[in-house]
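See below for the structure under consideration.
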Amino acid sequence: MSQTKPVVGITMGDAAGVGPEIILKSLAEAEMYEISNPLVIGDRKILERAKSFVDSGLIIETVTAEQINEIPFKHGVVHCLDLDLLPEDLPIGQVSPEAGDAAFQYLAKAIEMAKENRIDAICTAPLNKEALQKGGHMYPGHTEILADLTDTKDYSMMLSAPNLRVIHVTTHVGIIDAVKMINPERVYHVLKLAHDTLKKAGIESPKIAVCGINPHAGENGLFGYGEEEEKVIPGVEKAQAEGINAVGPLPADTLFFRAVRGDFDIVVAMYHDQGHGPVKVLGLDAGVNITVGLPIIRTSVDHGTAFDIAGKGIADEKSLMEAMRQAVELAPKKK
């Protein structure tokens, strides 16, 4: 059968965490089938086990990659591309090399399928970085795996929450390394990624605000050692010269308030916590992680594996549902 709605590959993430249960809770909602054709990439036996955690009556059916165009996607049936990598009795809520390796394999399979145009977007449930690395995959997280397996050099993490978008110059590195890594060319490239991404989303001239590195954006040399002048301002000026509507560097302590108020369409954060903190204050169930600059569409929940509540059926699925909506919004439109 011909599919007109985008096929979204949902990777199961770390099977010892809340991924399997928030997937089932999300796919219990008819809306997910009204907007997309969801395909879970993971382990069927783990999904079957998770049904008992959330008291689910969903039917789980195994499919192959070759069958995707013939799947009669419908609410009430979860279609799973079963990689069959994990034991049914995988311990819940514990770091496991097996689960870390499986999380990598699920994502690698999804990337392969996206490259082959078998799926239109990828939506990822959370993985555990310690388990990932114990499983033999030395990446800081999903974003870096996606960049590596798609041979993408120029990419960034964008977080989207109600009334706030944030894109990062650096992400999964320590604060001292982050400051070393910031340079005018990287700032310029992230500004361009932000501009191009929002323009594709229908914002003709996105208003972009750039954070400073130091308190008060250095306050004319009062704080720091001239990092704003050396590392940030030349990148902003280069973007402005190309017609990109960017301002900054601005003090981060007031900038996010102004962005939520509506003064800007997106904020460029210099390092991980500078950008993640304000988004998560708005609610862990509201944020969505989007990797921009890739040749494929990828969205994700903006929370972790929550090992402390895994298996209890109480994990909130709202972030995954919002990530699905964003994946559909960004996916190539079909006729």
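Numbering of residues begins at 1 and proceeds along the displayed sequence. Keep in mind that the numbers below use all heavy atoms, side chains included, and drop hydrogens, waters and symmetry copies.
Side-chain contact between Glu61 and Cys80 is absent, with no heavy-atom pair separated by less than 4.5 Å. The closest side-chain heavy-atom distance from Pro278 to Phe257 is not below 4.5 Å. Using a 4.5 Å heavy-atom threshold, the side chains of Ile122 and Met113 count as separate. When side chains are defined from C-beta on, Asn37 does not count as touching Ile71, because their heavy atoms never get closer than 4.5 Å. In this structure, the side chains of Thr143 and Thr171 stay at 4.5 Å or more apart for every pair of heavy atoms.
Of the possible polar contacts, one joining the Gln133 side chain to the Tyr139 backbone as a donor-acceptor pair under 3.5 Å is found. Checking side-chain atoms of Thr299 against main-chain N and O of Ala323 turns up a donor-acceptor pair under 3.5 Å. The closest donor-acceptor contact from the side chain of Thr197 to the backbone of Ala194 lies at 3.5 Å or more, if one exists at all. The backbone N or O of Ser26 lies less than 3.5 Å from no partner atom in the side chain of Glu29, so there is not a single donor-acceptor pair. Between the side chain of Asp120 and the main chain of Val8, no donor-acceptor pair closer than 3.5 Å is present. Looking only at distances, no side-chain donor or acceptor of Arg298 sits under 3.5 Å from a matching main-chain atom of Leu146.
Of the inter-residue distances, the one linking Glu70 atom CD with Gln67 atom CD reads 9.0 Å to the nearest 0.5 angstrom.
The residues Glu204 and Lys199 are annotated as salt-bridged, a charged nitrogen and a carboxylate oxygen being separated by less than 4.0 angstrom.
Residues in residues 21-64 take part in these ring-ring contact (aromatic ring centres under 6.0 Å, His included) pairs, two or more places apart or across chains: Tyr33-His75.
By the 4.5 Å side-chain criterion applied to Ile, Leu, Val, Met, Phe, Trp and Tyr, Tyr188 is assigned to no cluster and stands alone.
Taking the centre of each ring, His168 and Tyr271 stay at or above the 6.0 Å mark.
Linking Ile, Leu, Val, Met, Phe, Trp and Tyr residues whenever their side-chain heavy atoms come within less than 4.5 Å places Leu193 and Ile297 in a single cluster. Cluster annotation: Leu127 is not connected to Met138 through the hydrophobic network of ILVMFWY side chains, with a link wherever side-chain heavy atoms come within less than 4.5 Å. The hydrophobic cluster containing Ile233 does not contain Val247, counting ILVMFWY residues as joined when their side-chain heavy atoms lie under 4.5 angstrom apart, directly or transitively. Ile35 and Leu24 fall within a single hydrophobic cluster, where Ile, Leu, Val, Met, Phe, Trp and Tyr side chains are chained together by heavy-atom contacts under 4.5 Å. Linking ILVMFWY side-chain heavy atoms closer than 4.5 Å, directly or via other members, places Phe307 and Phe104 in two distinct hydrophobic clusters.
Of the candidates Val328, Leu27, Val78, Val7, Pro38 forms a side chain to side chain contact (heavy atoms under 4.5 Å, CB included) with just one, namely Leu27. With Tyr106 as reference, Asp43 is the one residue of Thr124, Asp43, Thr11, Asp101 to meet the side chain to side chain donor-acceptor pair (under 3.5 Å) rule.
In summary, the side chains of Ser96 and Glu98 do present a donor paired with an acceptor at a separation below 3.5 Å, with no hydrogens or angles considered.
Minimum interatomic distance between Asp263 and Arg261 (heavy atoms only, all atoms of both residues): OD2-NH2, 2.5 Å.
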With side chain to side chain donor-acceptor pair (under 3.5 Å) as the test, would you mind laying out the steps for Ser160 and Arg165 before giving the verdict?
CA-CA 5 Å; Ser160 176; Arg165 299 183 192 91; 4.9 Å; no
